[in-house]
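FYI, the numbering just counts along the sequence from 1.
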Amino acid sequence: MRKHYSKLLLALGMAGVMSVNIFAAVTFKDVPNTHWAYPAISYMQEKGYMSRNSSGEFLPSSEVTYFELAEILAKATGYQDELVVKDMDPTLKKQIADNYAVQKPLLKTYSDKYKSWESRCNEEIAYLIGRGYLSKDELSKFMVKTADGKEVKNIVTKQDLAALLVRVIGKEKTAKESYTGKTPFADHDLIKEENRPYVAYLNKNGLLNGDAKGNMGANTKVTRALCAQMTYSALMFKDKLAPADGSNLEGRVDKVVVKNAAEGSNYVLLEVNGTTKFYTATKDTKVVDSNNSALSFDAVKANAKVKVTMAKENGVEVLTKIQILDSTSTAPSTKPEVDDDQTAEEVTTYKGTIENIGRSGSISVLTSGKTVTYKVEDDCEILYQGEELALEDLNVGDNVRIYVENLGVTKINVLKRQEIENEKMDVEFLKSVRKPDGYKVTVVEKGKEKEVLVSTDVDITRNGKSVDMSDLRIGDKLTVKMEGNEAVEIEATATTESFIGTVESIILAQNPQLVVLSKGEKKTVSVTNNTELYDASQRVDTVLREIQLGSKVEVLTESKEAISVVIKDAPSQITYKGTVENVGQGAKYIDVLVEYDAMTGETMTVKRINVPSQVDIIVDKEKGYRNQIKKDMEVLVTFNYGEEMYPESIEVIR
């Protein structure tokens with residue numbers, strides 16, 4: 001096992017940073033909070049997946065090598081370094097060490113071949129190979145030798161990062177099976193054939209979009225900012241995915257309940273990330289130990305740490321494999337309450353308060369300081385004051401006595417009902433997604449996004465009028481009346497505004513936005529598929545990417561959503577602000593990293609600018625010369641629209 005002294009020092013430094021940043025926004029010297037990738041960069045920094053340097057710089061425009069990417073993706077998918085994490089889970093520690101031992105001979109062939117091979121990353125690379133996120137053949141991409149024998153660390157391209165992220169999401173099989181042979185991008189031919197299914201999958205799910213010309217930028221070199229944004233989007237998307245066929249889950253066994261002894265089937269109650277849920281184990285469920293040696297189902301006991309593979313059979317979530325990662329289990333110490341007229345061997349009763357009612361038909365009751373959880377039988381009798389109830393009528397907090405027979409609840413007596421008060425939430429509407437049984441509505445409460453389930457029959461009013469969910473606009477103020485976990489009534493309040501201003505910036509993302517400066521105030525509005533975009537000067541409809549920075553526009557909004565944007569006047573010039581990345585021989589051209597290219601709609605792109613002698617150069621507000629332009633200077637480059645051969649002027653601002 002190698003020693004990561006540099007990583008250890010980094011982790012100690014990060015610990016100090018993290019203790020502060022839990023309560024404050026992450027700050028960087030070179031990434032303002034208006035930066036297009038700021039939320040993603042902040043997230044990656046806070047999680048420890050990417051970090052600032054000792055000077056507080058993130059270096060967003062620095063290009064990412066395969067070695068750096070290996071470290072980022074390994075951390076983001078659960079890898080830990082034993083020298084950094086002192087209380088590391090012993091099972092994970094062993095898995096990482098064993099996996100490294102397996103891949104070590106292969107990695108040695110590369111470190112022997114390339115003197116510049118970063119062997120300090122070998123453990124992370126081995127981890128990614130072991131998890132299936134990186135193939136052995138892809139190690140050849142990490143380094144190349146030039147014709148003169150010079151070793152060069154390869155920079156990751158956008159299309160190769162897309163492929164790796166689909167594997168991280170766990171949808172490689174889905175991407176390949178659903179790919180029809182053509183990506184929607186104009187530069188389709190530049191996308192390697194093996195990468196096309198991944199690119200198409202990300203595009204289909206809104207994680208990868210094209211520029212104004214429809215290009216994805218297949219061979220664009222990945223910067224740290226772009227890496228942070230794409231990885232962040234993939235991780236957020238992965239978190240929202242429900243387990244699908246072949247999904248792997250890790251957790252602890254809470255309880256094993258016999259479902260049908262004759263068929264050899266059981267219910268296994270698993271706790272995963274603090275949530276418990278019942279799954280079905282059949283006689284065909286394979287049980288193995290941490291070394292994949294076969295075990296009998298009797299080895300699956302309460303509190304055992306397991307990794308399971310889940311599949312759906314006729315709508316039922318069935319465990320096809322249970323791997324026991326450790327065998328530390330303890331028998332529940334809760335002492336059951338026994339009725340006088342019944343024996344513990346026949347029926348066991350528990351008296352207490354309902355703590356949870358699972359969707360899979362389980363019930364958890366807090367009794368004598370302990371929680372017991374059992375499956376509720378289909379024919380279970382539920383009574384309250386002589387009246388028969390359904391399981392759906394019970395509420396968390398109800399005081400009950402449950403009767404358990406053959407590890408299933410056969411009867412529930414409700415002793416006292418928990419009074420449920422209608423809770424009201426004041427939130428802001430963001431979006432809704434149609435589901436078979438209603439809507440999943442995303443709202444913003446005190447700056448944080450949360451999801452609310454809304455059935456199709458919920459009463460919705462907007463400014464006093466009855467409306468449908470589709471009538472709500474981004475930014476509508478909502479008062480949501482809740483009963484338990486469900487919305488029962490929604491009152492929406494919308495405001496209408498019309499203003500004139502100039503376009504300051506255009507945000508091309510999953511939720512496109514337009515920033516307009518009106519009477520000294522910046523107004524940010526969301527642009528949707530329903531927004532009418534019209535160029536009055538040309539008398540034609542237009543699209544967001546065609547709007548020029550500095551254009552005079554008239555905007556009509558409802559809440560924060562643009563109903564219409566009318567371009568009254570477009571500028572004759574466009575100015576780019578960026579950083580000089582490279583100066584050509586004699587300063588006859590410069591490469592400038594611009595945050596937004598209004599010509600193409602690309603963000604964080606390097607633009608080559610020809611600088612003939614007739615271009616006006618301004619340095620310190622005075623006439624200058626092109627040989628005064630140096631790398632890392634910030635510049636304002638002004639073009640006349642329609643004249644893209646060379647700029648009108650270049651002003652050095654720092």
Side-chain angles (χ1 to χ4, degrees), residues 2-7 10 50-51 53-55 57-74 100 103-129 133-164 187 190-195 217-228 230 578-593 604-611 627 629-633:
R2 74 200 188 289
K3 298 184 182 296
H4 288 178
Y5 294 111
S6 60
K7 291 186 181 180
L10 173 62
M50 301 177 75
S51 60
N53 62 19
S54 58
S55 301
E57 298 171 321
F58 183 79
L59 306 177
S61 59
S62 294
E63 294 174 340
V64 177
T65 67
Y66 276 89
F67 293 101
E68 183 180 3
L69 182 64
E71 291 188 291
I72 293 169
L73 294 185
Y100 179 53
Q103 306 300 338
K104 197 172 182 178
L106 171 66
L107 293 168
K108 187 177 184 301
T109 62
Y110 284 90
S111 58
D112 289 345
K113 181 178 180 180
Y114 298 103
K115 294 181 180 179
S116 301
W117 183 272
E118 292 190 30
S119 297
R120 66 182 182 83
C121 298
N122 278 357
E123 195 170 280
E124 287 93 328
I125 295 170
Y127 173 86
L128 293 175
I129 294 174
Y133 301 144
L134 183 71
S135 71
K136 296 178 181 180
D137 292 341
E138 287 170 323
L139 293 179
S140 61
K141 296 180 180 179
F142 280 61
M143 298 285 298
V144 293
K145 283 188 178 181
T146 60
D148 57 0
K150 183 179 179 181
E151 295 181 0
V152 179
K153 294 172 186 174
N154 241 343
I155 305 300
V156 182
T157 63
K158 194 173 180 181
Q159 60 170 310
D160 283 346
L161 176 57
L164 294 173
D187 56 348
L190 297 180
I191 305 171
K192 290 179 283 188
E193 186 174 351
E194 64 268 25
N195 286 340
N219 294 318
T220 299
K221 293 183 177 180
V222 174
T223 63
R224 282 173 56 82
L226 180 59
C227 180
M230 289 181 66
T579 305
V580 178
E581 292 283 292
N582 178 53
V583 179
Q585 186 175 7
K588 293 181 180 180
Y589 69 86
I590 58 176
D591 294 327
V592 179
L593 177 68
M604 290 306 293
T605 183
V606 176
K607 190 174 183 69
R608 174 156 292 188
I609 297 169
N610 294 315
V611 190
N627 60 6
I629 302 175
K630 305 296 181 185
K631 188 177 184 299
D632 296 329
M633 284 182 169

Quiz item: Given side chains that start at C-beta, do those of L593 and V580 come closer than 4.5 Å, heavy atoms only?
Solution: no

Exercise. Kindly assign one of parallel, tilted or perpendicular to the pair F142 and Y66, based on the angle between their ring planes and the thresholds 30° and 60°.
Key: tilted

Quiz item: Rounded to the nearest 0.5 Å, what separation is found between the CD1 atom of I191 and the CG atom of N219?
Solution: 9.0 Å

Self-check item: Contact summary for S116 and M143, nearest pair of heavy atoms
Solution: CB-CE, 3.7 Å

Quiz item: Counting only heavy atoms not in K141, do more than 12 fall under 6.0 Å of its NZ?
Solution: yes

Quiz prompt | Heavy-atom side-chain contact between T579 and S61 under 4.5 Å | solution = no

Practice problem: With the side chain counted from C-beta on, respond yes when T157 and V222 share a heavy-atom pair under 4.5 Å apart, and no when they do not. | Solution: no

Self-check item: Closest contact, heavy atoms only, F58 versus M50
Solution: CZ-CE, 3.6 Å

Quiz item: Say you draw a straight line from CG of L73 to CD of E68; how long is it, rounded to the nearest 0.5 Å?
Solution: 10.5 Å

Quiz prompt | Backbone of Y589 reached by a side-chain donor or acceptor of R608 within 3.5 Å | solution = no

Practice problem: Report yes or no: do N122 and W117 form a side-chain donor-acceptor pair below 3.5 Å? | Solution: yes

Practice problem: Decide yes or no for L161 and L69: does some side-chain heavy atom of the first lie under 4.5 Å from some side-chain heavy atom of the second? | Solution: yes

Quiz item: Just how far is it from atom CD of E123 to atom CD of E71, taken to the nearest 0.5 Å?
Solution: 11.0 Å

Quiz prompt | Heavy-atom pair of closest approach, residues T223 and P60 | solution = CB-O, 3.3 Å

Self-check item: K221 and V156: CA distance, side-chain angles, deciding distance, side-chain contact (heavy atoms from CB on, under 4.5 Å) verdict
Solution: CA-CA 6 Å; K221 293 183 177 180; V156 182; over 6 Å; no

Quiz item: Are any of the side-chain nitrogens in R224 or E63 under 4.0 Å away from the carboxylate oxygens of its partner?
Solution: no

Quiz prompt | Short side-chain to backbone donor-acceptor contact, K630 and N627, under 3.5 Å | solution = yes

Practice problem: Kindly give the heavy-atom pair with the smallest separation between V152 and T146, and that separation in Å. | Solution: CG2-CG2, 3.8 Å

Exercise. Report yes or no: do E138 and S135 form a side-chain donor-acceptor pair below 3.5 Å?
Key: yes

Quiz prompt | Rounded distance (nearest 0.5 Å) linking atom CD of Q159 with atom CG of D187 | solution = 8.5 Å

Exercise. Would you indicate whether the side-chain heavy atoms of N53 and L59 approach each other to under 4.5 Å?
Key: yes

Practice problem: Taking the side chain as every heavy atom from C-beta outward, state whether L164 and L134 have any atom pair closer than 4.5 Å. | Solution: yes

Quiz item: How long is the span from the SG atom in C227 to the NZ atom in K158, to the nearest 0.5 Å?
Solution: 12.5 Å

Quiz prompt | K588 atom NZ: more than 12 heavy-atom contacts under 6.0 Å | solution = no

Quiz item: Where the side chain of N582 meets the backbone of D591, is there a donor-acceptor pair that is under 3.5 Å apart?
Solution: no

Exercise. Provide the closest heavy-atom pair for V583 versus K631 in the form atom of the first, atom of the second, distance.
Key: CG2-N, 3.8 Å

Quiz item: Can you name the nearest heavy-atom pair linking K145 to Y114, along with the distance?
Solution: CG-CE2, 3.7 Å

Quiz item: CZ/R120 to CD1/I125 distance, rounded to the nearest 0.5 angstrom?
Solution: 9.5 Å

